[in-house]
Amino acid sequence: MKCRGKAHKFGKDINTDEIIPARYLHTSDPEELAKYCMMDADPDFVKKVKPGDIIVADENFGCGSSREHAPISIKAVGVSCVIAKSFARIFYRNVINIGLPVIVSKEASNDIRQGANIEVDTIKGLITDLDTGKKYKTEPYPEFLQKMIQVGGLMNYVTEKLKRTQKVNIVKEKVPAKKKVLKKH
Amino acid sequence: MGYTITEKILMAHTDKKDIAPGEFISAKLDFCLGNDITAPIAIHEFKRIGATKVFDRKKIGLIPDHFTPAKDMKSANQAKILADFAEEYNIPNYFEIGKMGVEHALLPERAIVKPGELIIGADSHTCTYGALGAFSCGVGSTDLAAAFATGECWFRVPEQIKFIYKGKLSKWVTGKDLILYTIGEIGVDGALYKTMEFTGEVIRKLPMDDRLSMCNMAIEAGAKNGIIEPDEITRKYVKEAMKKYKPEISSFKEYQSDKDARYSQVIEYDVSKIEPIVSAPHLPSNARSVRKFKDVKVDQVVIGSCTNGRISDLRIAAKILKGKRIKPWVRLIVLPATQQVYLDAVKEGLAKIFIQAGGIFSTPSCGPCLGGHLGILGEGEVAIATTNRNFVGRMGHPKSEVYLSNPAVAAASAIKGKITSPEVVE
């Protein structure tokens with residue numbers, strides 16, 4: 001998969017409270033969460049970001065709370081990939097599980113400038129700064145995670161397993177949580 | 001080569017005869033939990049794949065503790081998703097208001113989580129139960145959805161760090177101070193993806209509530225889990241909880257680390273010089289001795305949360321506040337973590353002490369800890385709290401500030417209206 005967009009730089013230890021503050025957590029609707037993405041790290045981020053853009057951060061991106069609302073809001077606002085020097089572990093699990101590409105690269109995180117045009121080949125693990133022409137080769141995902149990514153995330157992986165014991169049939173299109181709530185209550 | 005307690009628990013929940021750090025495993029779960037923020041997404045995902053059965057209705061916990069009693073209509077709708085799912089699948093460990101407590105205080109208190117077990121929770125502070133000698137860690141909502149359906153979870157076996165605490169604890173220094181000090185030393189990603197195993201003579205004498213505070217904050221150093229080998233203190237705590245809430249259970253599994261277990265790092269601290277610690281905004285790693293904070297005026301003091309809302313925490317705070325009045329500009333908010341803690345605090349006269357000191361004593365909830373409700377900070381306001389995070393905007397306005405401390409420092413600060421060592425007001 002290839003992602004292409006402008007770089008939005010962030011610093012160290014960007015936590016999930018900054019990515020999506022708790023005051024917006026009374027919903028799990030991706031479209032609603034997208035409106036407040038990165039709110040307490042950069043209140044203007046939502047106005048600046050364009051579909052396909054790439055977040056380039058320093059160390060420990062996504063630390064703190066386990067809220068999946070954080071990667072959901074990043075994905076829903078249109079960010080195609082997150083590059084960082086390192087990721088916090090629950091955030092890393094969450095992005096693998098929901099299918100938001102992330103790539104670890106110290107060098108790319110150091111070099112890439114705010115607003116640079118970036119291309120990422122998530123399968124090859126290759127980052128290209130289209131402005132400077134510089135390429136960054138990164139470590140591929142471990143084999144176990146590659147399998148999960150190939151099938152399209154954890155729930156697809158689980159569905160295959162479950163088919164042996166119960167009737168399950170994954171709904172292809174993700175139904176926004178909001179619609180479901182309204183229908184039910 | 002031997003194994004650590006963490007490796008032994010993980011291995012016991014797979015078919016494997018050997019495991020090593022870095023390896024990916026799928027392990028069977030003894031318990032999994034979610035709250036009113038994280039479980040709605042898990043339930044949505046569970047239903048999206050058309051799953052019709054939960055793996056074991058008795059091994060699922062649904063605890064609406066974050067925005068409850070529902071702070072607004074949207075939160076009420078989120079909490080209702082848990083209630084409906086619990087009814088649909090006949091889940092006994094659903095805790096409605098009246099039974100509800102802050103999840104990581106409630107589950108150990110009721111012996112729902114026990115030593116030797118493997119537990120995941122869609123809440124980052126799920127690592128708390130390591131204090132009992134269990135492997136527990138926080139995961140996301142999709143992980144929880146998969147757990148509901150399969151009873152399994154994938155893990156990367158973490159590298160192991162051993163922290164040895166030696167010396168004698170000074171007065172007013174608690175488990176909270178040890179963990180804030182440790183995070184200050186290693187940083188908020190100092191144990192990223194790794195296990196923090198706490199041991200040494202200090203830990204062996206440390207009461208269970210303090211151990212729970214320590215393991216609770218392992219995540220603030222980026223750790224996968226915090227853990228303490230079970231001993232007599234563990235056995236006494238768990239047996240009393242089982243007797244009270246789970247008389248049908250009489251045993252649990254204990255694991256100890258082998259003498260020749262592999263650790264990627266061994267870190268020793270002499271605790272004798274450690275004073276009560278305060279972590280300044282906006283990271284838990286900004287930890288310094290309380291005496292270094294001169295003239296930091298506070299608008300609000302919060303005593304509670306999954307870190308420090310247990311009965312021993314309230315006893316410490318009450319000891320400081322007894323017969324005293326807080327400064328008129330200070331809002332003191334005391335939140336017992338569970339209904340049992342609430343009852344005990346009333347019975348022991350602690351509630352009266354807090355109210356007579358000028359504070360409020362409220363129903364269990366995560367409340368202000370994550371900026372939910374029951375005490376949100378306005379622009380420019382400053383709080384000292386016994387909670388676990390002091391990130392930007394954590395307790396309210398993005399331009400507010402949170403300092404983290406133990407209950408004694410928080411109580412002393414309420415009396416003086418500024419960050420204060422408990423020695424000063426004693």
Side-chain angles (χ1 to χ4, degrees), chain A residues 12-13 15-18 21-23 25-28 39-41 43 59-60 63-69 71-72 86-98 142-145 148 153-159 161-162 165-171 174-175 177 180-182 184-185, chain B residues 22 24 37-38 40-42 44-45 47-53 66-67 71-75 77-78 80-81 84 121-126 137-143 145-146 149-150 152 154 156 158 188-189 192-193 219-220 222-224 283 370-372 376 389 391-394 396 398:
Chain A
K12 261 182 87 168
D13 304 319
N15 61 72
T16 53
D17 277 85
E18 289 172 291
R23 56 188 182 275
L25 291 185
H26 46 33
T27 175
S28 41
M39 183 57 93
D40 283 359
E59 290 168 348
N60 203 23
C63 64
S65 150
S66 70
R67 60 189 72 160
E68 210 161 290
H69 309 65
I72 290 173
S86 63
F87 290 91
R89 64 159 282 275
I90 306 177
F91 185 87
Y92 192 78
R93 287 186 79 94
N94 287 343
V95 295
I96 298 287
N97 289 345
I98 71 163
E143 206 186 319
F144 179 90
L145 298 183
M148 204 177 300
L154 180 64
M155 292 321 276
N156 289 33
Y157 185 80
V158 162
T159 308
K161 260 187 164 180
L162 280 178
T165 54
Q166 56 179 296
K167 273 189 186 173
V168 286
N169 185 21
I170 197 147
V171 182
K174 194 165 180 175
V175 184
K180 193 138 192 179
V181 174
L182 288 175
K184 215 167 160 210
H185 307 298
Chain B
F24 283 84
I37 291 178
T38 60
I41 296 177
H44 177 263
E45 286 297 293
K47 297 203 162 174
R48 187 174 68 88
I49 63 161
T52 49
K53 283 186 278 188
H66 277 57
F67 290 167
K71 72 184 180 94
D72 52 32
M73 280 185 280
K74 282 182 174 175
S75 305
N77 282 340
Q78 294 291 101
K80 193 172 184 306
I81 295 170
D84 290 349
D123 186 280
S124 60
H125 293 109
T126 303
C137 74
V139 295
S141 295
T142 301
D143 282 309
T150 65
E152 290 181 12
W154 65 269
R156 181 186 165 278
V188 289
D189 60 355
L192 192 60
Y193 296 97
I219 178 68
E220 310 315 333
K224 177 168 231 152
L283 285 176
L370 79 159
I376 303 304
R389 291 194 175 125
F391 297 152
V392 170
R394 174 74 179 176

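Labels below follow one simple rule: chain letters A, B, ... track the order of the sequence lines, proteins then strands, and each chain is numbered from 1.
From A:T159, atom OG1 reaches atom CZ of B:R48 across 7.5 Å, with rounding to the nearest 0.5 Å. Atom CD1 of residue B:I37 and atom CZ of residue A:R67 lie 6.5 Å apart, to the nearest 0.5 angstrom. Rounded to the nearest 0.5 angstrom, B:W154 CH2 and A:L145 CG are separated by 5.0 Å. In this structure, OG1 on A:T27 lies 6.0 Å from NZ on B:K74, to the nearest 0.5 angstrom. Distance check, rounded to the nearest 0.5 Å: NE2 of B:H44 to CE of A:M155 gives 10.5 Å.
Contact count against chain A (heavy-atom pairs under 4.5 Å) is highest for B:V139 among B:V139, B:V392, B:D123. Put simply, of B:A149, B:A145, B:G371, B:G140, the one with the most heavy-atom pairs under 4.5 Å next to chain A is B:G140. In terms of heavy-atom pairs under 4.5 angstrom with chain A, the leader among B:I376, B:L370, B:D189 is B:D189. Across B:V188, B:L283, B:T126, the residue that shares the most heavy-atom pairs under 4.5 angstrom with chain A is B:V188. For the options B:C137, B:G396, B:G22, B:A42, heavy-atom pairs under 4.5 Å to chain A are most numerous at B:C137. Of all the listed residues (A:P142, A:C63, A:G64, A:A88), the one sharing the greatest number of non-hydrogen pairs under 4.5 Å with chain B is A:G64.
Looking at A:S86, the atoms closer than 4.5 Å to chain B (heavy atoms on both sides) all sit in the side chain, from C-beta outward. Only the side chain of B:L192 has a heavy atom closer than 4.5 Å to any heavy atom of chain A. Contacts of B:R389 with chain A are made by side-chain atoms alone, with heavy-atom separations under 4.5 Å and no backbone atom involved. Within the 4.5 angstrom heavy-atom criterion, only side-chain atoms of B:F67, from C-beta onward, approach chain A. Residue A:Y92 touches chain B through its side chain alone, counting heavy-atom pairs closer than 4.5 Å. Looking at A:N97, both its backbone and its side chain come within 4.5 Å of chain B, counting heavy atoms on both sides. Contacts of A:M148 with chain B are made by side-chain atoms alone, with heavy-atom separations under 4.5 Å and no backbone atom involved.
Partners of B:E152 by salt bridge (Lys or Arg N to Asp or Glu O under 4.0 Å), not counting sequence neighbours, listed by chain and number: A:K161, B:K28. By the side-chain contact (heavy atoms from CB on, under 4.5 Å) test, A:S66 is found to be paired with A:I90, B:T38, B:S124, residues two or more places apart in sequence or in another chain being considered.
When all heavy atoms are compared, the tightest approach of B:P398 to A:R23 is CG-NH2, 3.7 Å.
Taking 4.5 Å as the limit, every side-chain heavy atom of B:T142 sits out of range of all side-chain heavy atoms of A:N94.
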